[in-house]
Amino acid sequence: MQVGLIGCGNMARALARGWGRPLVCADPVAERAQGLAGEVGGEALASNAEVAARADLVVLCHKPAQLQDVAAEVAPAAKAVASILAATPLAALKAAYPERPVYRFIPSLPVEVRQGAVVQAADPDPWGAGEGPATDRSVNELFSELGTLVTLDDGLLDVAMGLMSCAPAYVALVAEAQIDAGIRRGIPAAQGAELVVQTLTGTAELLRSRNFDTLAVRREVASPGGLTARGLTALERGGIRAAFSDALDAVLKDGGS
Ligand SMILES: NC(=O)c1ccc[n+]([C@@H]2O[C@H](COP(=O)([O-])OP(=O)(O)OC[C@H]3O[C@@H](n4cnc5c(N)ncnc54)[C@H](OP(=O)(O)O)[C@@H]3O)[C@@H](O)[C@H]2O)c1
């Protein structure tokens, strides 16, 4: 299936690196599109309309506010469309791109290393198997290459985005805060970073192997009256749960756009 990217910014680059195969793409900054095609293979084209004409599946990677302007160029030729736009429901996408398969996904930056979470909007009226290479199944398989694919009601996609698309920034901040705490107590930054980041990776793997049971992992580390229990109490006193809850509310304010 020939994939065509509309917009070659941060998330388009992560998707392209995750798929790691030639594609066609366009961006208002031609050098950006050329750089991406040069890296993963394929071709940077002069316009969105050319991408639509050449691709079996157009992936919308521009900003949400550009939906109508881009559709005016892309809709006449696009055979099938997948969107990663935040705050843009499936109904709005289908209205902009009628009478063809339309899919809505929200990815997260780790798709670049094929370890991302990708959420897909459940479609009450799915396209099924059409005539072209882009069928519900093949598009599903394409995005599954990027990590774990989870399907949710369309109305929950922006909430999911607030969890998993924002999380790489949150986790990087949490890691940085821990590294800084270590520096304050004499651990050099480079070694502190290795210790913290490797532990993050290992903990994610451990949580997966424990069927995502966060409490079980916490109990294994925090023995009664032990040091970790003291650390956890300090974090709770610092408002860690409220901070993450407030962060999600902040992301979803104004409809998540
Ligand atoms: N970043 C994330 O973690 C993340 C996660 C989930 C979903 N998303 C969604 O992914 C989309 C892209 O986000 P991003 O972070 O990659 O933003 P970005 O880095 O700003 O990339 C957007 C790209 O689209 C280009 N563009 C602007 N107008 C265009 C047009 N008319 N036709 C084609 N391309 C156009 C932009 O060029 P200019 O800069 O020159 O305008 C830019 O290169 C957004 O809709 C966002 O909601 C992002």
Side-chain angles (χ1 to χ4, degrees), residues 3-19 23-40 43-55 57-78 81-90 92-93 96-97 102-121 143 146-150 152 154 156-173 247-248 250-257:
V3 171
L5 303 182
I6 304 292
C8 298
N10 291 311
M11 191 44 74
R13 191 170 56 239
L15 292 171
R17 286 177 174 163
W19 282 321
L23 42 74
V24 290
C25 58
D27 191 277
V29 180
E31 295 77 29
R32 222 181 270 149
Q34 285 156 4
L36 193 56
E39 183 182 335
V40 299
E43 219 180 317
L45 302 176
S47 69
N48 292 338
E50 281 179 67
V51 171
R54 291 268 299 273
L57 178 72
V58 164
V59 183
L60 305 178
C61 301
H62 52 78
K63 291 289 189 186
Q66 295 149 351
L67 177 67
Q68 299 306 336
D69 288 351
V70 169
E73 300 169 73
V74 170
V81 176
S83 162
I84 64 160
L85 313 186
T88 311
L90 200 48
L93 296 166
Y97 292 96
V102 174
Y103 306 91
R104 184 181 181 208
F105 296 92
I106 296 285
S108 57
L109 204 60
V111 295
E112 177 174 320
V113 290
R114 294 182 161 224
Q115 294 282 335
V118 180
V119 63
Q120 177 173 18
F143 279 84
L146 302 168
T148 300
L149 187 62
V150 173
L152 284 175
D154 189 41
L156 286 174
L157 248 67
D158 290 310
V159 181
M161 181 206 64
L163 293 188
M164 30 72 84
S165 302
C166 302
Y170 298 170
V171 172
L173 178 65
L248 185 56
V251 167
L252 297 176
K253 194 161 101 33
D254 306 325
S257 57

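In this text the structure is predicted, and so the values were computed from the model without any measurement. Excluded from the calculations below are hydrogen atoms, water molecules and symmetry mates; all remaining heavy atoms, backbone and side chain alike, are included. As the structure lists them, so they are numbered: ligands from 1, and atoms in each ligand from 1.
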Considering non-hydrogen atoms only, spot the tightest contact between Arg54 and Val24 and give its length. NH2-CG1, 3.8 Å
With sequence neighbours excluded, tell me which residues meet salt bridge (Lys or Arg N to Asp or Glu O under 4.0 Å) with Arg32. Asp27
Write none if no such pair exists; otherwise list each N/O atom of ligand 1 with its protein N/O partner under 3.5 Å and the distance.
residue: ligand 1; atom: 16 (O); partner: Asn10; partner atom: N; Å: 3.2
residue: ligand 1; atom: 16 (O); partner: Met11; partner atom: N; Å: 2.8
residue: ligand 1; atom: 17 (O); partner: Lys63; partner atom: NZ; Å: 3.3
residue: ligand 1; atom: 19 (O); partner: Asn10; partner atom: N; Å: 3.0
residue: ligand 1; atom: 19 (O); partner: Asn10; partner atom: ND2; Å: 3.2
residue: ligand 1; atom: 28 (N); partner: Gln66; partner atom: OE1; Å: 3.3
residue: ligand 1; atom: 28 (N); partner: Gln66; partner atom: NE2; Å: 3.2
residue: ligand 1; atom: 32 (N); partner: Asn48; partner atom: ND2; Å: 3.0
residue: ligand 1; atom: 37 (O); partner: Arg32; partner atom: NH1; Å: 3.0
residue: ligand 1; atom: 39 (O); partner: Arg32; partner atom: NH1; Å: 3.2
residue: ligand 1; atom: 40 (O); partner: Arg32; partner atom: NH1; Å: 3.4
residue: ligand 1; atom: 43 (O); partner: Asp27; partner atom: OD2; Å: 2.6
residue: ligand 1; atom: 43 (O); partner: Arg32; partner atom: NH1; Å: 2.4
residue: ligand 1; atom: 45 (O); partner: His62; partner atom: O; Å: 2.7
residue: ligand 1; atom: 47 (O); partner: Ala86; partner atom: N; Å: 3.0

Using the side chain to side chain contact (heavy atoms under 4.5 Å, CB included) rule, take Val74 and Tyr97 through it: C-alpha gap first, then chi angles, then the decisive distance, then the call. CA-CA 9 Å; Val74 170; Tyr97 292 96; 3.7 Å; yes
For Asp158 and Val251: C-alpha separation, side-chain torsions, deciding distance, then whether side chain to side chain contact (heavy atoms under 4.5 Å, CB included) applies. CA-CA 9 Å; Asp158 290 310; Val251 167; over 6 Å; no
Return the orientation label for the Phe143 and Trp19 ring planes: parallel under 30°, perpendicular over 60°, tilted otherwise. perpendicular
How close do Gly116 and Ser108 get, counting heavy atoms only, and between which atoms? CA-OG, 3.7 Å
